[in-house]
Amino acid sequence: MDTAENKKSLNFIESIVEKDLKEGKNDGRVQTRFPPEPNGYLHIGHAKAICMDFGIAERFGGICNLRFDDTNPITEDVEYVDAIKHDIQWLGFQWNSIYYASDYFQQLFELAVRLIKEGKAYVDEQSSEEIAKQKGTPTTPGIESPYRNRPIEESLHLFDKMNAGEIAEGAMVLRAKIDMSSSNMHFRDPIMYRIINTRHHHRTGDKWKVYPMYDYAHGQSDFFEGVTHSICTLEFEVHRPLYDWFIDQLATTNYRPQQYEFNRLNITYTVMSKRKMLQLVKEKLVAGWDDPRMPTICGLRRRGYTPSAIRSFINMIGYTKYEGTIDASLMEHAIREDLKPKVDRVCAILDPIKLIITNYPANQLELLSTQNNPDNEQAGERTIQFGKELYIERSDYMENAPKDYFRLTEGKEVRLKSAYIVTCTGSKKDENGRVVEVYCTYDAETKSGTEGSKRKVKSTINWVEIGSSIDAEIRLYDRLFAIEDPSKSDQDFRDLLNPDSLHILKGAKVEAYLQNAKPMDSFQFLKHGYFTVDLDSKPNHLIMNRTVSLKDNTPKEKK
RNA sequence: AGGAAUGUAGUUUAAUUGGUAAAACACCAGAUUUUGAAUCUGGGGACUGAUAAAGCAAGUGUAGGUUUGAGUCCUACCAUUCCUGCCA
């Protein structure tokens, strides 16, 4: 797999790294970092970034560190730190070291003091509204703060008071003194520090009352760590000049981290915003961050997606600077391909109806053999129990069938998968006219594997023997949103949820083989799709999630 | 309107760095099958045309230009995305 991957043409960032290496930039070092903010769970978009950050290091013999961008205690929490670590490792990556932006708070503070002393930063006492107003617009320059040229000593003194907790939250900020008329809005005296003294930081506790902003903290953290290629998504492109400006304040040698941006991942029928996901979770529109409909790593995991499927999907879509939207079917293709050779085919009857073989001896049971996975010889065979009374899918019988219906209807033959050929002889209805039992006769000469079984039959249907079958709750998941691009709609995204994204079937019957299935085990239910045992599944209450359906080409029941 | 960036089949990416526009997914048809899945074979697909026959002075957002030769270089235009949090 790796050789095939290496043959593939390099993406544009890999090309840059290769060139940098050739030119001996940064002493031939390659160092990346994955910098999540611990304020939510990782999603498939992060997986793309993870594959990039760790992938570059792996491919070019460099290192990749995990760094938590924990500069905002208002939204961040340890809960997320552990989940993020787990998700990265589950995806199959291992960081070199773990760092936290908060590890650098002291250094960042000292540098800020230095910038004040150099006249490159000042304490502003205006409200956020005033500062926003003075910022101007992209087409009109901003105006300078009245505090912009206050004495250095005064800023120094106030910055200390800010950090001592003597100033109220929101009352003052530290701003870099750059250019209020820059065409780049980020240069209009960006805020470096704000006061947060009503929250404990999950690592530094109450030590700090001022916290650095992203633009200041991020690049400097890269610098402190020795990052060479700081890879992020396109929306940070306009931040790059500021990133460089701050680095300029620190760099004294040839070493410089360089920021590169690639297109973030968008997928049809879902949202890729942590804010929106949080909202879905908080308003209980989904069952949690790991709801199998969520595009989070934990959601995909619970849905039955594998790390290799996710990685192959990411590999398929590539990295460019064009912001498009990936067809959800591509991800579905990835998981089908991944699971195909790996998981056993089993019988599950989602909407059962009884099939009684009238000429089969009562109380007789026999053991039949069936292939575990026709796409993988090594998976071997297993035995299944057959008897007089079976469950079949309700839809596999029709009382008044059209010509092109090839399954059970009076007088017609079908093959029972891995068993016998049977002929339908009729059915029984209850007082409401609902079919409750279907009858058939079997041909004892047609047992699977024998000569007699070679007869051509139009259709094969699935079944489970009643006595040995086990009950299962089946959760049929579908796309979370009803429309392709919920974020481009004028409507509230919550009104665009797909009302059919989850159907729970309580009365399903599955074959005994699933008796010992454990959470996260995957199977293919013949004709239905790939299913995974849910986390909440118990030995006496089997719950299975549909990962993805088989491709559905059944619109034959037209006309 | 200012700045930054991006336009290649329906979608996402390739294209030996100036030299045959290709792949995957999607779509369509046929064969095959003890899964109406998978598999196999083929097809339309980048411009025009009606879905065709077919055409082309035709094809990589549009229009020009440079060149023996342009998806690739140059110019202009158009479209889309991002930028005015004390979020990251």
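Labels below follow one simple rule: chain letters A, B, ... track the order of the sequence lines, proteins then strands, and each chain is numbered from 1.
B:U17 adopts a syn glycosidic conformation, its chi angle falling within 90° of 0. Glycosidic conformation, B:G10: anti, with the torsion outside 90° of 0. Base orientation of B:G85: syn (glycosidic angle within 90° of 0).
Residue contacts for A:Lys417: at a heavy-atom cut-off of 4.0 Å it reaches a base atom on one of the strands shown. A:Asn462 comes within 4.0 angstrom of no nucleic acid atom, judged by non-hydrogen atoms across all strands. A:Tyr193 comes within contact range of no nucleotide atom at all, as no heavy-atom separation falls under 4.0 Å. Residue-level contact check: A:Ser418 touches the bases, meaning some heavy atom is under 4.0 Å from a base atom. Residue contacts shown for A:Thr460 are limited to sugar-phosphate atoms, with no base heavy atom under 4.0 Å away. As judged by a 4.0 angstrom heavy-atom cut-off over every strand, A:Gly40 is placed among residues making no nucleic acid contact. Nucleic acid contact for A:Lys274: none, since no nucleic acid atom lies under 4.0 Å from a heavy atom of the residue. Using a 4.0 Å heavy-atom cutoff across all strands shown, A:Asn72 reaches sugar-phosphate atoms only and no base atom. Within 4.0 Å of A:Glu332, counting heavy atoms only, lies no atom of the nucleic acid at all. Residue contacts for A:Leu234: at a heavy-atom cut-off of 4.0 Å it reaches no nucleic acid atom on any strand shown. Nucleic acid contact class of A:Thr320 (heavy atoms, under 4.0 Å, all strands): sugar-phosphate only. Using a 4.0 Å heavy-atom cutoff across all strands shown, A:Gly170 reaches at least one base atom of the nucleic acid. Using a 4.0 Å heavy-atom criterion, one finds that A:Lys321 contacts the sugar-phosphate atoms exclusively.
Side-chain nitrogen and oxygen atoms of A:His186 include none within less than 4.0 Å of the OP1 or OP2 phosphate oxygen of B:C83. Within the structure, a side-chain polar atom (N or O) of A:Lys551 is placed less than 4.0 Å from OP1 or OP2 of B:A26. An OP1 or OP2 oxygen of B:U11 is reached within less than 4.0 angstrom by no side-chain nitrogen or oxygen of A:Thr325. For A:Lys458 and B:U34, the shortest distance from a side-chain N or O to OP1 or OP2 is not below 4.0 Å. In this model, the phosphate group of B:C87 is approached by a side-chain N or O of A:Arg194 to a distance below 4.0 Å at OP1 or OP2.
The closest side-chain donor-acceptor pair between A:Asn184 and A:Ser182, if any, does not fall under 3.5 angstrom.
Residues A:Arg33 and A:Asp53 form a side-chain contact, since some pair of their non-hydrogen atoms from C-beta on lies under 4.5 Å apart.
Remark: the separation of the P atoms in B:A88 and B:C78 is 37 Å, to the nearest Å. Distance noted for atom C1' between B:U81 and B:A9: 22 Å (whole Å). Taking atom P in both B:G61 and B:A70, the straight-line distance is 15 Å, to the nearest Å. Rounded to whole Å, the separation between the C1' atoms of B:C73 and B:U84 comes to 36 Å. Between B:A79 and B:A1, the distance separating the two P atoms is 10 Å to the nearest Å. Spacing of P atoms, B:G3 relative to B:A58, comes out at 36 Å, to the nearest Å.
Judged by atom type and distance alone, A:Gln524 reaches the base of B:U35 through a side-chain donor-acceptor pair under 3.5 Å.
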*Watson-Crick and G-U pairing of RNA chain B written in dot-bracket, each distance under 3.5 angstrom, with | for inter-strand partners*: .((((((..((((........)))).(((((.......)))))...((.....)).....(((((.......))))))))))).....
*side-chain hydrogen bond (donor to acceptor under 3.5 Å, both in side chains) between A:Glu261 and A:Thr233, worked out*: CA-CA 5 Å; A:Glu261 311 86 11; A:Thr233 46; over 6 Å; no
*Test side-chain contact (heavy atoms from CB on, under 4.5 Å) applied to A:Thr71 and A:Phe105, step by step*: CA-CA 9 Å; A:Thr71 57; A:Phe105 281 175; 4.2 Å; yes
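Among the nucleotides B:U6, B:A38, B:G85, the one closest to the side chain of A:Tyr322 is B:U6.
Rounded to whole Å, the distance from CZ on A:Arg240 to P on B:G3 is 17 Å. If you measure from atom CG of A:Asp327 to atom C1' of B:U13, you get 14 Å, rounded to the nearest angstrom.
When every heavy atom of A:Gln259 is checked against every heavy atom of A:Phe236, the shortest pair comes out as NE2-O, 3.0 Å.
Centroid-to-centroid, the aromatic rings of A:Phe224 and A:Tyr104 come within less than 6.0 Å.
A:Thr296 places a side-chain N or O within 3.5 Å of a backbone atom of A:Trp289 that can act as its donor or acceptor partner. Between the side chain of A:Arg407 and the backbone N or O of A:Ser459 there is no donor-acceptor pair closer than 3.5 Å.
With respect to A:Arg382 and A:Glu511, a salt bridge is recorded, a charged nitrogen being found less than 4.0 Å from a carboxylate O.
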